[in-house]
Amino acid sequence: MDRRSLSLRPATPDLRKAENLWFKDCGLVIRADNVLFRVSGEILASKSPIFRDMLRIPQPVNGETFEGCPVVCLPDDPIDATAFLRAIFDSEFFEPYPAETDFETIHGVLKLSNKYLVDYLRRRALLHLSSRFPTMLDEWLDPTPASWSIDSSLLIPAINLAREVSALWVLPALFYSLCTSTPHHFRSLARGVPFRGDKLTTLSQSDLELFLEGSHAQRECASSMLQFLWFPEHLQGCSTYARCYGARCAERKYREGLLYELGYQPLELWGEAAWRQLPPAICPTCVERMKSNHQLALNSFWDDLPVKYSLPCWEDLEQMKDGALA
Ligand SMILES: [Zn+2]
């Protein structure tokens, strides 16, 4: 590469050196927007076949330089580039699951490791992403701690990221979560949510259509998740049918009154607290039968969740996940 070439044009006075990613003994400057990173081209090339090919091409004679180093310009967001390059050059920055991380980091590392084919980082980032959006019902209802937390305003960027890197197996749980937050976020669906400053991020047109149809279907299921309260009327083994059924119907009336508010989250409609609050008039035999029937309803809802959002079935999604994380 030619080091006698022109220095970086002064047309961008707000250029800044990246903190923690400016190694004076390295000879390559990477530029993403107005941020400059001085790193080792050889290490980058050893991790990424895309960079290997890119750096093999001789630098043009009048190519840009900065402090004597050739400059490679990337079209990527500097926040993504920072996360990606730190993951490569700082071994403590993005440790494997279950080490804690955050969405900004996962976003940058996953997006760019996918683009520049850094397989080990792609797998690591996918495992972090998947830790919050499981494919199994048990993992949803009784989750192992995820390595990061997510605010509802980040669900749309997370869906877009999953689409971009073909991590379809996280989408059912992501769409489900978006639906549970929809009553408060209809406007943001239409307008987009702020992501990284003032930029608004929206779902793609096709995902918006899938989501609107799927969230309607999700809400339609709410009532069937409570059906165990009144159906079947006579539960096998119960010897106090009239008293039990009367109490079950009273509970149904109360719970159905909550559906307007809670109907978007069928999986959370009934949980441990609700079992504890059941009227004592219902006999233990009925409670056991009701628990089995509620579990069947949960299983059925979860099994159909991908189909509601026009995604492949769980079996296919699991295969994709196994292939990507292997
Ligand atoms: Zn009973």
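What you see is a predicted model, and the numbers here were worked out from it, not measured in a lab. Indexing begins at 1, ligand by ligand and atom by atom, following the structure's order.
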Looking at [Y] and [X], is any side-chain nitrogen of the basic one under 4.0 Å from a carboxylate oxygen of the acidic one?
X: E164; Y: K115; answer: no
X: E139; Y: R132; answer: no
X: K111; Y: D77; answer: no

- Query: Among pairs that include at least one residue of residues 306-326, which meet ring-ring contact (aromatic ring centres under 6.0 Å, His included), considering only residues two or more places apart or in two chains?
  - Reply: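 ring-ring contact (aromatic ring centres under 6.0 Å, His included) check on residues 306-326 returns F175-Y309, W302-W314.
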- Task: Only counting residues at least two apart or in another chain, list the ones meeting side chain to side chain contact (heavy atoms under 4.5 Å, CB included) with D304.
- Result: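 Counting only residues at least two positions away or on another chain, D304 forms a side chain to side chain contact (heavy atoms under 4.5 Å, CB included) with S300, K308.
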- Item | side chain to side chain contact (heavy atoms under 4.5 Å, CB included) partners for P49, two or more places apart | R52, L117
- Tell me the protein N, O or S atoms under 2.8 Å from the Zn ion (ligand 1), in chain and number order. C238 SG, C244 SG, C283 SG, C286 SG
